[in-house]
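All values below were derived from every heavy atom in this structure, side-chain atoms included, with hydrogens, water molecules and symmetry-related copies excluded. Every chain is numbered from 1 and lettered A, B, ... according to where its sequence line falls, protein lines coming before strand lines. Since we're looking at a predicted model, the values are computed, not measured.
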2 protein chains.
Amino acid sequence: MARAREFDDDAVLDAATDRFWRQGYAATSVRDLGAAMGLVPASLYNAFGSKHALFALCLDRYLDRNMRERIARLEARQTPRVAIETFMNEIVARSLADPRGCLLVNSALEVAPHDAEIGTVIAARLGELEAFFHRCVLAGQRDGSIAAAPPARDLARLLLTTVMGLRVLARSKPEPVLLRGAARQVLALLDPPFAEQST
Amino acid sequence: MARAREFDDDAVLDAATDRFWRQGYAATSVRDLGAAMGLVPASLYNAFGSKHALFALCLDRYLDRNMRERIARLEARQTPRVAIETFMNEIVARSLADPRGCLLVNSALEVAPHDAEIGTVIAARLGELEAFFHRCVLAGQRDGSIAAAPPARDLARLLLTTVMGLRVLARSKPEPVLLRGAARQVLALLDPPFAEQST
DNA sequence: CCTATTCTAGAGCGGACGTTTTAGAACGCC
DNA sequence: GGCGTTCTAAAACGTCCGCTCTAGAATAGG
């Protein structure tokens with residue numbers, strides 16, 4: 001052991017994530033990151049290896065603290081139908097409130113097509129989200145709160161697709177009625193054929 | 001009048017569009033564009049003014065030749081319900097076949113949030129697409145091929161959202177079953193409550 | 001206290017960026 | 001046939017890129 005680090009890993013990673021989130025990977029320079037993190041480039045390289053490695057770390061941390069946390073929270077505390085509704089409503093609310101959008105979606109378009117390593121991570125996380133929707137739909141079809149007729153896999157696929165679409169629209173056409181209308185209709189698709197459902 | 005241009009505007013704009021489409025705006029350098037267009041940077045600047053102006057031109061041309069052409073073709077030749085179905089199926093097929101995705105969607109995430117001028121163009125074109133879906137849904141509800149209950153505006157909003165989402169997923173998780181499943185379900189939402197419909 | 005190790009600071013690496021300048025070649029018009 | 005204009009070609013502008021090097025400050029163990 002020798003001299004200790006002068007900065008807090010959590011704080012500087014938060015700052016780096018915010019930069020990538022706001023500006024994208026390519027448009028964020030190492031000097032930009034350094035300034036936001038309060039670090040000189042050399043310290044940044046000493047601590048995290050490279051811009052690419054730092055991005056991978058930020059993305060992973062982001063997904064743990066946003067997507068996975070949300071999935072775990074909703075699945076533990078809500079009925080399946082309500083979990084889906086809450087998820088979609090949270091996406092709409094966040095999309096309208098936070099101009100940065102979603103780092104996962106931003107990266108899915110900017111980084112994934114040209115970076116196999118990050119691309120694999122992103123595809124896997126999208127798969128986790130699809131799996132969450134699928135579990136919710138299956139459980140909802142079992143308890144009668146979701147229409148039994150449509151295939152659960154396809155409903156999960158459409159829900160995932162809708163989340164992606166909402167995130168894109170929010171960044172270029174951030175109109176509340178647009179996002180809310182789309183979310184309302186995709187949720188309507190879950191309704192069982194008769195208004196009544198088991199209590 | 002003096003010396004004539006040695007290149008064909010259409011051909012070089014096609015080449016430039018392909019570069020922006022494939023790599024995005026920021027990741028495409030002027031030298032890159034020049035090489036693809038067979039032009040030295042000075043000629044490019046002489047002919048098109050700047051990288052930004054060239055991009056705006058390419059985006060406009062792209063939208064005329066892809067989105068607007070498709071809308072006009074479908075609206076002229078198909079019943080409203082079939083027009084929507086054909087549009088969605090074409091999006092899925094193209095997304096799976098062309099790794100470049102959609103220049104409009106790519107730009108909606110990469111360029112629009114940081115470029116007010118391009119952002120305005122993109123928001124307007126997304127509005128045109130939403131309006132197309134809205135016209136189709138209204139006409140389909142009139143002729144009985146689309147369920148009358150859901151609000152046409154919301155259906156149009158969800159269709160637009162789904163197109164955006166399909167384009168995003170195709171670039172990071174290009175699985176045919178995923179895209180086809182999502183498209184199938186959003187089209188199922190259009191079905192009138194009883195399988196029979198007027199003919 | 002001394003040494004070994006790890007940190008920070010800042011200058012600097014070669015190269016690429018968007019753009020402009022300079023030089024000269026090709027054409028319409030008087 | 002020269003003139004004026006517009007083209008092409010290539011070098012060069014200053015700036016920023018991701019990254020590394022050198023120097024010195026700080027700390028733990030012997």
Side-chain angles (χ1 to χ4, degrees), chain A residues 1-59 106-107 110-118, chain B residues 1-59 106-107 110-118:
Chain A
M1 286 297 124
R3 180 172 173 185
R5 235 165 235 181
E6 291 182 3
F7 58 87
D8 173 33
D9 273 48
D10 248 36
V12 302
L13 284 175
D14 281 346
T17 302
D18 177 71
R19 287 282 136 182
F20 284 130
W21 196 349
R22 202 174 293 278
Q23 323 180 109
Y25 177 74
T28 303
S29 75
V30 171
R31 285 163 181 83
D32 204 12
L33 288 165
M37 301 162 86
L39 254 54
V40 84
S43 295
L44 192 157
Y45 275 83
N46 177 52
F48 303 108
S50 72
K51 180 187 174 184
H52 188 265
L54 175 61
F55 178 74
L57 192 59
C58 288
L59 180 60
N106 299 353
S107 305
E110 187 206 345
V111 186
H114 306 290
D115 185 323
E117 184 193 331
I118 304 283
Chain B
M1 287 296 125
R3 178 173 174 184
R5 235 166 235 180
E6 290 183 4
F7 58 86
D8 173 34
D9 273 49
D10 248 36
V12 303
L13 284 175
D14 281 346
T17 303
D18 177 72
R19 287 282 137 181
F20 284 131
W21 197 348
R22 202 173 291 279
Q23 323 180 109
Y25 177 74
T28 303
S29 75
V30 172
R31 284 161 183 84
D32 203 13
L33 288 165
M37 300 161 87
L39 254 55
V40 83
S43 295
L44 192 156
Y45 276 83
N46 176 51
F48 303 106
S50 71
K51 179 186 174 184
H52 188 265
L54 175 61
F55 177 74
L57 192 59
C58 288
L59 180 60
N106 299 352
S107 305
E110 187 206 344
V111 186
H114 307 291
D115 185 323
E117 184 193 330
I118 304 284

Of the non-hydrogen atoms in Gln23(B) and Thr28(B), which two are nearest, and what is the gap between them?
NE2-OG1, 3.2 Å

So, for Asp115(B) and Ile118(B), which heavy atoms are closest and what is the spacing to 0.1 Å?
OD1-N, 3.1 Å

Between the main-chain N or O of Leu33(B) and the side-chain N or O of Lys51(B), is there a donor-acceptor pair closer than 3.5 Å?
no

Kindly indicate, with the supporting measurements, whether the criterion side chain to side chain contact (heavy atoms under 4.5 Å, CB included) is fulfilled by Trp21(A) and Cys58(A).
CA-CA 9 Å; Trp21(A) 196 349; Cys58(A) 288; over 6 Å; no

Atom pairs under 3.5 Å, N or O on each side, protein against nucleotides 22-25 of chain D: can you list them with distances?
unit_1: dA25(D); atom_1: N3; unit_2: Arg3(A); atom_2: NH1; d: 2.9

Looking at residues 21-31 of chain B, who's got a heavy atom less than 4.0 Å off DNA chain D?
Arg31(B)

Can you see which heavy atom on Ala47(A) is nearest to which on Phe7(A), and at what distance?
CB-CZ, 3.8 Å

Among residues at least two apart in sequence or on other chains, which ones pass side-chain hydrogen bond (donor to acceptor under 3.5 Å, both in side chains) with Asp14(A)?
Arg61(A)

Whole Å only: how far is the OH atom of Tyr45(A) from the P atom of dC19(D)?
3 Å

Between Glu110(B) (side chain only) and Tyr25(B) (backbone N and O only), is there a donor and an acceptor less than 3.5 Å apart?
yes

Using whole Å, report how far CG of Leu39(B) lies from C1' of dA9(D).
11 Å

Position toward the 5' end of DNA chain D (nearest nucleotide), Asn46(B) or Pro41(B)
Asn46(B)

Let's see if you can work this out: which of dT8(D), dC19(D), dT19(C) has an atom nearest to the side-chain heavy atoms of Ser43(B)?
dT8(D)

